[in-house]
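Read through the structure below, which is laid out as structure tokens, and then see the notes.
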Amino acid sequence: MNALAEIRSRFATALEPLVDSPTELMKMIKAANDAKFGDYQANVAMPLGKELGKPPREIAVQIMESVKLDGLCDNMEVAGPGFINLKLDDDWLKSRLATALSDSGLGVSKVTDPKTYVVDFSSPNVAKPMHVGHIRSTVIGDAIAKILKFAGHNVITDNHVGDWGTQFGMIIYGYKHFLDADAYKKDSVTELGRLYKFVRQLVDYHGAKSKVDDVADKIVELTGQLSGLKEKQSAATEKAETKKIKKELSAVQKRLDSQKEAGESLTEKIKAIESNPNLFGIANAHQKIGQQVLLETAKLHEGDEENKKLWTEFLPFCWEDMRKIYRRMNVEHDHELGESFYHDMLGAVVDDFEAKGFARTSDGAVCVFMDDYETPMIIRKKDGAFLYSTTDLATIKHRVEHFKADAALCVVDHRQHEHFDKLFDAARLWGYNDIELTHVSFGTVLGEDGKPFKTRSGDTVGLESLLDEAESRALAIAVEQNPDLTEDQQQHIAKTVGIGALKYADLSQNRGSDYKFSYDKMLALRGNTAAYLQFSYARVQGIIRKTEADMEKVRSNPVPFEFATDIERELAVKLIRFGEAIDEVLIEYKPNLLCSYLFELTQVFFQFLEKCSVKDAETESLKQSRLQFCDLMSRTVETGLGLLGIGVIEQM
RNA sequence: GCCCUCAUAGCUCAACUGGAUAGAGCACCGCUCUUCUAAAGCGGAUGUUGCAGGUUCGAGUCCUGCUGGGGGUACCA
């Protein structure tokens, strides 16, 4: 049990005579806000003051007298309106450190009630290049899964890939009309990728052609509206009226801007084709490509033999392409049950909803109407096709019945918030009440201009190019910092630091908010970055080399920890809080809390290194104690970063 | 229109879910390397937590209204 849990349990016992249910109050016992108040603080007396009709300070004193903290805390005092400040007993601290030193799990106790979690993350569409939008789900989901596992839960990771959608219609169409057989034979992955992009371009072209006039009309219309409103604004005299017009004005302006932007993007797509006579010819020869692609997709879904065969043939190549990225990011899934896996179950889902009276037909579509929502959740379109929501319901059913999941976490961006609300409510309506269903949502990755991260030409940024750029920038720094190392070593540093930086930049952010992407910031050598943490590990390895210490021996023949300086005690308190950081992450699935913990730990550790020499410690036992600190530190950072999917290096 | 969400230091973000004087990092100004890695450490300045009310011992956090951004809003995923 970690220190906080231990303190809480002792307080719970002491509070039992005072209140019916002390568990509610337990969250009011926490790590001290400020080290000068001690290590922990209990704020329970204030809310109790009201309940019991006594001054909070009096209650605080009463609690202090009844709570048994012997051996755990050596100092307790009441401060302010009724805060109880607690300081851990040094001997207790030292014994916790000793436990952590000898335990491969760093003394972090496993949960007493392990649950089965399905963590669903990454979920890209196969055959489409992964882009910057996929990084958050991948990195956050991977970290949460690892942390749950570390805490002692049974974790099943699942990649709910889109392997059944329109992109296959495109590839199939491309295969049938534009295949370069030699290229396909030589390098199938690349050729399929080319076909996808090519067909996509043609579809986009025709789409753009049909839309461009509409958009132009709209721009004219909106411009007209805008000048009309401006006239009205200058004529308006009443305050309320002016305000109303101003509001409309900005709304129209916004719509105009977005139409203009859309218009530009359409024009560009058209230009790309029409400026090339060869492409233009092909585009004209495939006027109906958009419908054709949908037709190929529909044929696949209906079980058309030829298309099913092609799909089966293409899928492994598409997977290979994606695995390349996952290998570079060092991310794995236990299962990869894509949309196609659930395809055959969808009819039964709809039938069951209808049979149980949870769904009915409206405007030709099968809908689930729920009280809290204006619009229903549609589970079958009027043309008979199923939707994402249908697949998701089948997925929940499968996770409960096949995986026996107690919880399913879907790591998906926050735009799908309402979809998941509806989905989860529908699932509960369906009878899946015992499973925790959580949408672990996250914000958008923005460029430095505060708008969604795009390339200069306006495309979404490819994930692969992101990895390349991170690594090459890291390499430049690694070469500069370590001119004496071999090229292989520099490459290794660049990969670990580069990918680590990319992941950490994402994870260290509160997942709910949007964040601005910046290579410079994430690869910064200082501050709350992966490199800063990785460096602390490398420093320890340097100390071990210089002191020629045998760490196996240090661990197997421990000496008592010594607090020769204040900073050593401070480091000790930080070190034993690793388990608390893990607990906190899991309350709301927020990996940034682990990042903050590791960052704070590292700050304290660097202060420790400034003030405390290991090699030149005053006594042999102090030297051993400090080596033990170094060992705990490096293992905590290694484990902590590992839980975030980030590696460490011996030298950097 | 309706619903969700966000607004914190010049910038990027925290704040343990209602607790003590709102914290870090960048950037800025200084200082510390013949010393276990200066990818480090130490010191300095920075705030009406968007605005106006309310709830209470106590509010960045909860409730109401307003302003401003982002997202969603029945057959896309």
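Just so it is clear, the values below take in all heavy atoms, side chains as well, and ignore hydrogens, waters and symmetry mates. First the proteins, then the strands, lettered A, B, ... as listed; each starts at 1.
Rounded to whole Å, atom P of B/A59 lies 15 Å from atom CG of A/Asn43. Nucleotide B/U73 holds its P atom 13 Å from the CG atom of A/Asp421, rounded to whole Å. Whole-Å rounding puts the A/Ile649 CD1 to B/A39 P distance at 14 Å. Remark: P of B/U17 and NZ of A/Lys27 are 7 Å apart, rounded to the nearest angstrom. Nucleotide B/U73 holds its P atom 13 Å from the NE2 atom of A/His417, rounded to whole Å. In this structure, the CD atom of A/Glu588 is 17 Å from the P atom of B/U61, given to the nearest Å. Between the C1' atom of B/A20 and the CG atom of A/Asn33 lies a distance of 7 Å, rounded to the nearest Å. The CE-C1' distance, from A/Met377 to B/C3, rounds to 18 Å in whole Å.
B/C63 sits 31 Å from B/A24 when the C1' atoms are compared, rounded to a whole Å. Taking atom C1' in both B/G60 and B/C13, one finds a spacing of 14 Å when rounded to whole Å. Using atom C1' as the reference point in both B/G1 and B/C76, the two lie 23 Å apart (nearest Å). When the C1' atom is used for both B/U5 and B/G44, the distance is 38 Å, rounded to whole Å. One P atom belongs to B/G50, the other to B/A9, and the distance between them is 8 Å to the nearest Å. Atom P of B/A52 sits at a distance of 23 Å from the matching atom of B/U12, rounded to the whole Å. Between B/A20 and B/C31, the two P atoms lie 37 Å apart (nearest whole Å).
Under the 90° criterion around 0 for the glycosidic angle, B/U67 counts as anti. A glycosidic torsion no more than 90° from 0 defines the syn conformation; B/C31 lies beyond that range and is anti.
Relative orientation of the A/Phe517 and A/Tyr515 rings is tilted, given thresholds of 30° and 60° on the angle between their planes. Relative orientation of the A/Phe629 and A/Phe608 rings is tilted, given thresholds of 30° and 60° on the angle between their planes. A/Phe358 and A/Phe353 have perpendicular rings, their planes meeting at more than 60° on a 0 to 90° scale where under 30° would count as parallel. Using the six-membered ring where Trp is involved, A/His439 and A/His417 have ring planes that are tilted, between 30° and 60° apart.
Counting non-hydrogen atoms under 4.0 angstrom, A/Tyr373 reaches nothing in the nucleic acid. Within 4.0 Å of A/Glu584, counting heavy atoms only, lies at least one base atom of the nucleic acid. In this structure, A/Glu339 reaches the sugar-phosphate backbone alone: every heavy-atom distance under 4.0 Å involves primed, P, OP1 or OP2 atoms, never a base. No engagement by A/Glu580 is indicated, since no non-hydrogen atom pair under 4.0 Å with the nucleic acid exists. Here A/Ala79 lies in heavy-atom contact (under 4.0 Å) with a base. In this structure, A/Asp413 reaches neither bases nor backbone, as no heavy-atom distance under 4.0 Å exists between it and the strands shown. At the heavy-atom level, A/Lys36 lies under 4.0 Å from base atoms of the strands shown. Across all strands, A/Phe369 comes closer than 4.0 Å to base atoms (heavy-atom distances). Within 4.0 Å of A/Pro47, counting heavy atoms only, lies at least one base atom of the nucleic acid. Note on A/Phe606: only backbone sugar-phosphate atoms sit closer than 4.0 angstrom, heavy atoms only; bases stay farther off. Residue contacts shown for A/Ala385 are absent, as no nucleic acid heavy atom lies under 4.0 Å away.
Remark: A/Lys30 is in phosphate contact with B/U17, judged by side-chain N or O atoms under 4.0 Å from OP1 or OP2. Of the side-chain N and O atoms in A/Ser513, none sit less than 4.0 angstrom from OP1 or OP2 of B/U12. For B/C4, the OP1/OP2 oxygens have no side-chain nitrogen or oxygen of A/Gln416 closer than 4.0 Å. For B/G41, the OP1/OP2 oxygens have a side-chain nitrogen or oxygen of A/Tyr532 closer than 4.0 Å. Residue A/Asn510 has a polar side-chain atom (N or O) positioned under 4.0 Å from OP1 or OP2 of B/A15. Between A/Gln481 and B/A39 there is a side-chain polar atom (N or O) within less than 4.0 angstrom of OP1 or OP2. Regarding contacts with the backbone of B/U12, a side-chain N or O of A/Lys516 is found under 4.0 angstrom from either OP1 or OP2.
The shortest side-chain heavy-atom distance between A/Thr602 and A/Met633 falls under the 4.5 Å cut-off.
A ring-centre distance under 6.0 Å is not found for A/Phe37 and A/Phe83.
Side chain A/Asn592 to base B/A15: no donor-acceptor pair is found below 3.5 Å. Judged by distance alone, with hydrogens and angles left aside, A/Ser362 brings a side-chain donor or acceptor within reach of the base of B/A74, the pair sitting under 3.5 Å. A/Gln41 contributes a side-chain N or O that forms a donor-acceptor pair with the base of B/A20 under 3.5 Å. In this model, no side-chain donor or acceptor of A/Asp514 finds a partner on the base of B/C6 within 3.5 Å.
Contact check on A/Arg136 versus A/Asp506 returns a salt bridge, with a Lys/Arg side-chain nitrogen under 4.0 Å from an Asp/Glu carboxylate oxygen.
Judged by distance alone, the side chains of A/Ser340 and A/Asp163 do bring a donor and an acceptor atom under 3.5 Å apart. Looking only at atom types and distance, the side chain of A/Glu568 has a donor-acceptor partner in the side chain of A/Thr565 under 3.5 Å away. Counted by atom type alone, A/Asp631 and A/Ser634 present zero donor-acceptor pairs between their side chains at under 3.5 Å.
With A/Arg511 contributing its side chain and A/Phe442 its backbone, the two residues share no donor-acceptor pair below 3.5 Å.
Both A/Asn482 and A/Met28 lie close to RNA chain B; mapped to their nearest nucleotides by heavy-atom distance, the more 5′-ward contact belongs to A/Met28. In this structure, A/His419 and A/Gln651 both approach RNA chain B, and ranking their closest nucleotides by distance from the 5' end singles out A/Gln651.
Helical stems of RNA chain B (runs of at least 3 Watson-Crick or G-U pairs, donor-acceptor distances under 3.5 Å) are listed by first residue: B:1-7 with B:67-73, B:10-13 with B:23-26, B:28-32 with B:40-44, B:50-54 with B:62-66.
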- request: Please lay out, stage by stage, how A/Val368 and A/Lys422 fare under the test side chain to side chain contact (heavy atoms under 4.5 Å, CB included).
  value: CA-CA 9 Å; A/Val368 181; A/Lys422 274 187 192 169; over 6 Å; no
query: Hey, mind stepping through A/Gln62 and A/Glu58 against side chain to side chain donor-acceptor pair (under 3.5 Å) and telling me if it holds?
result: CA-CA 6 Å; A/Gln62 191 185 338; A/Glu58 205 172 290; over 6 Å; no
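Remark: A/Arg360 is positioned above the aromatic ring of A/Phe369, its terminal NZ or CZ atom under 6.0 angstrom from the ring centre and at most 45 degrees off the axis.
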Provide a list of protein-nucleic acid N or O atom pairs under 3.5 angstrom, restricted to nucleotides 29-36 of chain B.
unit_1, atom_1, unit_2, atom_2, d
B/C36, O2', A/Ile543, N, 3.4
B/C36, O2, A/Val614, N, 3.4
B/C36, O2, A/Lys615, N, 3.1
B/C36, N3, A/Val614, N, 2.9
B/C36, N4, A/Leu609, O, 2.7
B/C36, N4, A/Cys612, O, 2.5

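Looking at the side chain of A/Phe599, the nearest of the listed nucleotides B/A74, B/A24, B/G19 is B/A24.
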